[in-house]
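Since the structure comes first, as structure tokens, the remarks are kept for the end.
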Amino acid sequence: MAGFWFQQALLPGGWADGVRVEVTDGVIHAVTPDCAADPTDERHAIALPGMPNLHSHAFQRGMAGLAEVRGPGDDSFWTWREVMYRFAHRIGPDEMQAIASMAFVEMLEGGFTRVGEFHYIHHDLDGHSYDNPAEMGVRLAASAAETGIGLTLLPVLYQYGGFGAQAPSEGQKRFINGLDAYARLLERSRAAVAGLPDGLVGVAPHSLRAVNPASLAQAALLAEGGPIHIHIAEQIKEVADCHAWSGQRPVSWLFDHAPVNAQWCLVHATHMDAAETARLAASGAVAGLCPITEANLGDGIFNARDFQAAGGLFGIGSDSNVLIDAAEELRSMEYAQRLAHRARNVLGRRDTPSTGRVLFEGALAGGARALGRAAGLMVGASADFVTLEATQPSLAARRGDGLLDGYIFAGQRMVDGVWRRGRRVVSGGRHVVRDAVAARYRLALGTILS
Ligand code: ZN
């Protein structure tokens, strides 16, 4: 048993003072507010639950900052995708592991303690299956084991190059599987995460453009009750292409053709009309938002104001990993709403005026649901928590929600310590294996970019 004591901690019911947390085998077995520290307790000033990161493509961390150069024509998501495909084509299993470990180190340093890895580079450079079809998943699980991050592995079903079962392009050959191969991939992926303390495998039909209606339904069944993630409406062109194919917008089509429920996470539900917003909010599915990446790629702005008013559940993801930080994702989410609606504190509520609190608790609940694992400082949850550096100027003379608003809106690298399964993985803002991971990352990038 390990004991922790916090001057202030954010519990499921709100902020509490003098909180003791007892941990056994990585799981919280007691939370006691308003008490004194036990002499053996580790003591810290401010504790928050670790944040789930519900959408990542870890390998894209390796191209962060490399696509910020204007091409010959107008740049867009689709020109970025060409750069990404060229980068993806250079990554073998060793490079995948080196880059993923770096991304996971940065996630933990940035306040994320679990990641949903939406994983689609399955095959070798020629497009052939590795001896183990889940070889890349094995490497992602090894990175999770090395860094300590919780892993919900989401192997992607990718069959087609566009709506209406178009043939895949050369750049997509490493991603492609039929349904039988996908079922085998899932089986081997489950074996790959079996050694992790709370690893989980879900399914991820890539997008409506990359599967067909029958395979989408089949993939959902293969989830066996676990998470189902899909990219849904990131780009205007995607909405137009879906309409040309089916006569419907993507979110409408999905709701008319799939039993969307609390198992589902609709990533980049960026472009929805009012009816789609209401349907998603009522479904219990999570809107997977990636505000930094969506801004970086010029996707558009999710209408969080109306989605929240309808009672919708959201979570955040670092997606392209161009910059990894939980607080900055939440800040970007609110700032996009302010710019879109020309208003302030758009997501603050009458019953919870602190915008930081609404953002943090919303993303915690939605992220936990989307990744299939409980999150929060509560009995039965994994002991995943973050402490803030209490001497930060933007936390001076604050309490409770004021700490969250300071952290999210005025914070610069405020995370001090991070614990996963009760084990300290970040100390003084740095991951305990950062130096070794960064050295391997530099070698891998040297190979890839040479
Ligand atoms: Zn994505």
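We use all heavy atoms of the structure for the numbers below, so side chains are in, but hydrogens, waters and symmetry mates are not. One-based numbering, in listed order, for ligands and for the atoms of each.
- With 2.8 Å as the limit, His57 counts as an N, O or S neighbour of the Zn ion (ligand 1).
- Within the structure, the side-chain hydrogen bond (donor to acceptor under 3.5 Å, both in side chains) test picks out no pair touching residues 178-194 (sequence neighbours left out).
- Each side-chain hydrogen bond (donor to acceptor under 3.5 Å, both in side chains) pair with one or both residues in residues 302-314, not counting sequence neighbours, appears once here: Asn303-Asp306, Arg305-His341.
- Look at Cys290 and the Zn ion (ligand 1): no N/O/S atom of the residue is under 2.8 Å from the metal.
- Nearest to the Zn ion (ligand 1), among the N, O or S atoms that His55 has, is NE2.
- Taken from CZ in Arg90 to OG1 in Thr447, the straight-line distance is 10.5 Å, to the nearest 0.5 Å.
- Taking a cutoff of 4.0 Å between a charged side-chain nitrogen and a carboxylate oxygen, Glu109 and Arg434 qualify as a salt bridge.
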